[in-house]
S.K.: 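I have a structure here, written as structure tokens, and I will follow up with some questions on it.
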There are 2 protein chains.
Amino acid sequence: MDIQSELMNITSEMNRGFLQLIILTFLDVPSYGYDIIDSLEKIGYKVEENTLYPLLRRLEKKEVLISEWKVVDNKPRKYYSISKYGKELREEIMKIWSIQNLILQKLSDGRKENE
Amino acid sequence: MDIQSELMNITSEMNRGFLQLIILTFLDVPSYGYDIIDSLEKIGYKVEENTLYPLLRRLEKKEVLISEWKVVDNKPRKYYSISKYGKELREEIMKIWSIQNLILQKLSDGRKENE
DNA sequence: ACATTATACTATATGTCGCACAGTATAGTG
DNA sequence: CACTATACTGTGCGACATATAGTATAATGT
């Protein structure tokens with residue numbers, strides 16, 4: 001079992017759900033695809049275009065995000081922002097994330113006690 | 001868009017990866033399926049049998065877990081424990097989890113600044 | 001003694017999404 | 001003019017949590 005490929009696999013699994021939370025948190029301020037990628041990369045989280053754009057479309061379809069074309073610097077850009085419904089969803093997802101952290105904390109503490 | 005069904009969906013997505021981390025953290029001490037379910041439920045994390053058993057089998061197949069049948073209280077039980085390779089994997093997954101928390105923290109802090 | 005529930009597990013199918021592959025269009029740079 | 005960067009769209013695949021369905025045995029209630 002090659003740990004590197006296993007890690008790539010599990011990273012992908014862990015990104016599910018997390019990516020959505022990241023995007024919903026980021027888009028309080030409207031932004032467009034390429035800018036989102038740049039900004040996330042600057043804080044140490046690399047998302048490929050081919051991952052982000054389909055996600056943005058899916059979230060828009062679910063009415064979690066709202067989009068609007070604008071022309072900036074003579075370029076058309078699709079600006080996304082979180083919807084009201086998206087904000088409600090984000091709060092609930094944050095709760096799930098907190099619960100998961102709590103559970104992991106409890107298990108890690110229990111593990112240290114058993115060492 | 002019904003937020004309840006959306007939440008069930010995203011909970012499922014967020015469990016991917018997380019469940020594996022939970023199990024690897026829990027199985028420093030050997031345990032069997034039903035006991036794992038009970039113990040996790042006691043600390044507030046509900047996992048269905050039909051979710052856990054296939055996961056245990058997948059992780060064993062990947063040589064992340066080791067299993068061994070034992071008869072206890074006159075009942076056959078399959079005890080699982082984490083392998084050496086599983087421990088290496090777990091350390092790496094914990095790093096990913098920490099990075100994700102860091103990224104989320106940065107984004108949340110940035111969001112509060114923009115409020 | 002029988003029905004029901006609990007314990008403990010196995011087998012298989014489905015839906016979702018991150019990722020990969022492939023592409024278009026325009027602007028900027030060498 | 002060739003190449004890279006910017007900015008996006010369309011489609012298919014693989015992995016896994018979940019759901020459905022099941023077997024086997026023990027414990028409990030009537």
Side-chain angles (χ1 to χ4, degrees), chain A residues 1 5-24 30-41 45-62 64-65 67-80 93 96 100, chain B residues 1 5-24 30-41 45-62 64-65 67-80 93 96 100:
Chain A
M1 30 5 210
S5 61
E6 190 53 42
L7 277 174
M8 286 180 64
N9 177 39
I10 203 148
T11 299
S12 181
E13 296 305 323
M14 288 173 81
N15 280 338
R16 293 174 79 115
F18 182 68
L19 254 184
Q20 297 181 46
L21 181 52
I22 282 294
I23 294 309
L24 298 191
S31 183
Y32 59 101
Y34 210 82
D35 181 54
I36 296 170
I37 290 169
D38 268 355
S39 303
L40 291 181
E41 193 153 22
Y45 191 72
K46 190 174 174 55
V47 186
E48 298 290 328
E49 292 170 48
N50 297 318
T51 297
L52 182 67
Y53 287 107
L55 174 60
L56 291 176
R57 259 188 299 280
R58 283 199 303 277
L59 292 176
E60 184 182 20
K61 189 169 187 178
K62 290 184 182 181
V64 173
L65 293 182
S67 79
E68 163 184 33
W69 281 100
K70 284 183 180 177
V71 178
V72 180
D73 294 337
N74 220 24
K75 289 172 195 165
R77 287 171 177 159
K78 206 172 196 182
Y79 278 83
Y80 290 89
I93 300 172
I96 297 169
Q100 287 189 338
Chain B
M1 36 356 218
S5 61
E6 191 52 45
L7 278 176
M8 287 179 65
N9 177 38
I10 202 146
T11 299
S12 180
E13 296 304 324
M14 290 174 80
N15 281 338
R16 294 173 81 112
F18 181 70
L19 256 183
Q20 296 183 45
L21 180 54
I22 284 294
I23 295 307
L24 297 192
S31 183
Y32 59 101
Y34 211 83
D35 182 53
I36 296 170
I37 289 169
D38 268 353
S39 304
L40 290 181
E41 193 154 22
Y45 192 72
K46 191 173 173 57
V47 185
E48 297 289 329
E49 293 170 47
N50 300 315
T51 298
L52 183 66
Y53 286 107
L55 173 60
L56 291 176
R57 255 189 300 281
R58 283 199 303 276
L59 292 177
E60 185 183 18
K61 188 168 187 178
K62 289 184 181 182
V64 173
L65 293 182
S67 78
E68 163 184 32
W69 281 98
K70 285 184 179 177
V71 178
V72 180
D73 295 336
N74 220 23
K75 290 174 194 159
R77 287 169 177 161
K78 207 173 197 182
Y79 278 83
Y80 290 90
I93 300 171
I96 297 169
Q100 287 189 336

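In what follows, every chain begins at residue 1, and chains take the letters A, B, ... in the order their sequences are listed.
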S.K.: Which residues pass the ring-ring contact (aromatic ring centres under 6.0 Å, His included) test with A:Y79, not counting sequence neighbours?
M.R.: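 Applying ring-ring contact (aromatic ring centres under 6.0 Å, His included) to A:Y79 gives A:Y32.
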
S.K.: The criterion is ring-ring contact (aromatic ring centres under 6.0 Å, His included); which residues satisfy it with A:Y45, sequence neighbours excluded?
M.R.: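 With neighbours one apart ignored, the set is A:F18.
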
S.K.: What is the distance from OH of B:Y34 to C1' of D:dA27, rounded to the nearest Å?
M.R.: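 These atoms are roughly 12 Å apart.
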
S.K.: Given atom CD of A:E6 and atom P of D:dA15, what is their separation to the nearest angstrom?
M.R.: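 Those two atoms, CD and P, are 10 Å apart.
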
S.K.: To the nearest 10°, let me know how far the axis at one end of the helix from C:dA1-D:dT30 to C:dG30-D:dC1 is tilted from the axis at the other, five pairs an end.
M.R.: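 Both end axes considered, the difference amounts to 20°.
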
S.K.: With a 3.5 Å cut-off and heavy atoms only, can you find an N or O donor on one side and an acceptor on the other between the side chain of B:R16 and the base of D:dA15?
M.R.: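 Flag set: donor-acceptor pair detected.
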
S.K.: Tell me: CG of A:L59 to P of C:dT16, nearest whole Å?
M.R.: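 After rounding, the reported distance stands at 14 Å.
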
S.K.: Whole angstrom is fine here: how far is it from CG in A:D38 over to P in D:dC8?
M.R.: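 So the CG-P distance, A:D38 to D:dC8, works out to 11 Å.
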
S.K.: Once you round it to whole Å, what is the distance between P of D:dA7 and OH of A:Y79?
M.R.: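 It works out to 9 Å between those atoms.
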
S.K.: Would you indicate, yes or no, if D:dA15 has its OP1 or OP2 atom less than 4.0 angstrom from a side-chain nitrogen or oxygen of B:Q20?
M.R.: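 It does not, given that no N or O in the side chain of B:Q20 lies less than 4.0 Å from OP1 or OP2 of D:dA15.
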
S.K.: Looking at every strand, decide which applies to B:T51 at a 4.0 Å heavy-atom threshold: base, sugar-phosphate, or nothing.
M.R.: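 Base contact - B:T51 has a heavy atom under 4.0 Å of at least one base atom.
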
S.K.: With B:Y34, which residues qualify under ring-ring contact (aromatic ring centres under 6.0 Å, His included), at least two apart?
M.R.: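 Listed in chain order: nothing, the list is empty.
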
S.K.: Send over the distance from B:E13 CD to D:dA15 C1', rounded to a whole Å.
M.R.: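 One finds 11 Å between C1' of D:dA15 and CD of B:E13, rounded.
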
S.K.: Give the minimum heavy-atom separation between A:L7 and A:T11, together with the two atoms involved.
M.R.: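 Result for this residue pair: O-OG1, 2.6 Å.
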
S.K.: Give, for atom CD1 of A:I37 and atom CD of A:E48, the distance between the pair rounded to the nearest 0.5 Å.
M.R.: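 It is 8.0 Å, given to the nearest 0.5 Å.
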
S.K.: Please check the phosphate of C:dC9 (OP1 and OP2 only) for any side-chain N or O of B:Y53 closer than 4.0 Å.
M.R.: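 Answer yes for this pair, as a side-chain N or O of B:Y53 is under 4.0 Å from OP1 or OP2.
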
S.K.: Tell me, please, which residues at least two apart from A:E41 pass salt bridge (Lys or Arg N to Asp or Glu O under 4.0 Å).
M.R.: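 A:E41 satisfies salt bridge (Lys or Arg N to Asp or Glu O under 4.0 Å) with A:K46 once adjacent residues are dropped.
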
S.K.: If I take atom NZ in residue B:K46 and atom P in nucleotide D:dA19, what distance separates them, rounded to the nearest angstrom?
M.R.: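 About 11 Å, once rounded to whole Å.
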
S.K.: For A:P54, enumerate each residue passing the side-chain contact (heavy atoms from CB on, under 4.5 Å) test, keeping only those at least two apart in sequence or located in another chain.
M.R.: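 Result, side-chain contact (heavy atoms from CB on, under 4.5 Å) vs A:P54: A:R57, A:R58.
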
S.K.: Between A:K62 and C:dC17, is there a contact of a side-chain N or O with OP1 or OP2 at under 4.0 Å?
M.R.: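 So the side chain of A:K62 is within the cut-off, an N or O lying under 4.0 Å from OP1 or OP2 of C:dC17.
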
S.K.: How many Å lie between CG on A:D35 and P on D:dA5, as a whole number?
M.R.: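 Rounding to the nearest Å, CG of A:D35 and P of D:dA5 are 18 Å apart.
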
S.K.: By nearest nucleotide on DNA chain D, pick out whichever of B:L19 and A:W69 is the more 5' one.
M.R.: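 In this pair, the answer is A:W69.
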
S.K.: Using the salt bridge (Lys or Arg N to Asp or Glu O under 4.0 Å) criterion, which residues pair with A:D38? Sequence neighbours excluded.
M.R.: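 Not a single residue meets the salt bridge (Lys or Arg N to Asp or Glu O under 4.0 Å) criterion with A:D38.
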
S.K.: Among residues at least two apart in sequence or on other chains, which ones pass side chain to side chain donor-acceptor pair (under 3.5 Å) with B:D35?
M.R.: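 So B:D35 forms a side chain to side chain donor-acceptor pair (under 3.5 Å) with B:S31.
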
S.K.: Report yes if a side-chain nitrogen or oxygen of A:R57 is closer than 4.0 Å to either non-bridging phosphate oxygen (OP1 or OP2) of D:dT9; otherwise report no.
M.R.: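 Yes.
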
S.K.: Any N/O pairs under 3.5 Å between the protein and nucleotides 22-27 of chain C? List them or say none.
M.R.:
residue, atom, partner, partner atom, Å
C:dA22, N6, A:N50, OD1, 2.9

S.K.: Quick one: on DNA chain D, does A:N9 or A:Y32 contact a more 5' nucleotide (nearest heavy atom)?
M.R.: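 This one resolves to A:Y32.
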
S.K.: Minimum heavy-atom separation for B:M14 and A:G17, please, with both atom names.
M.R.: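 Here B:M14 and A:G17 meet closest at CG-CA, 3.7 Å.
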
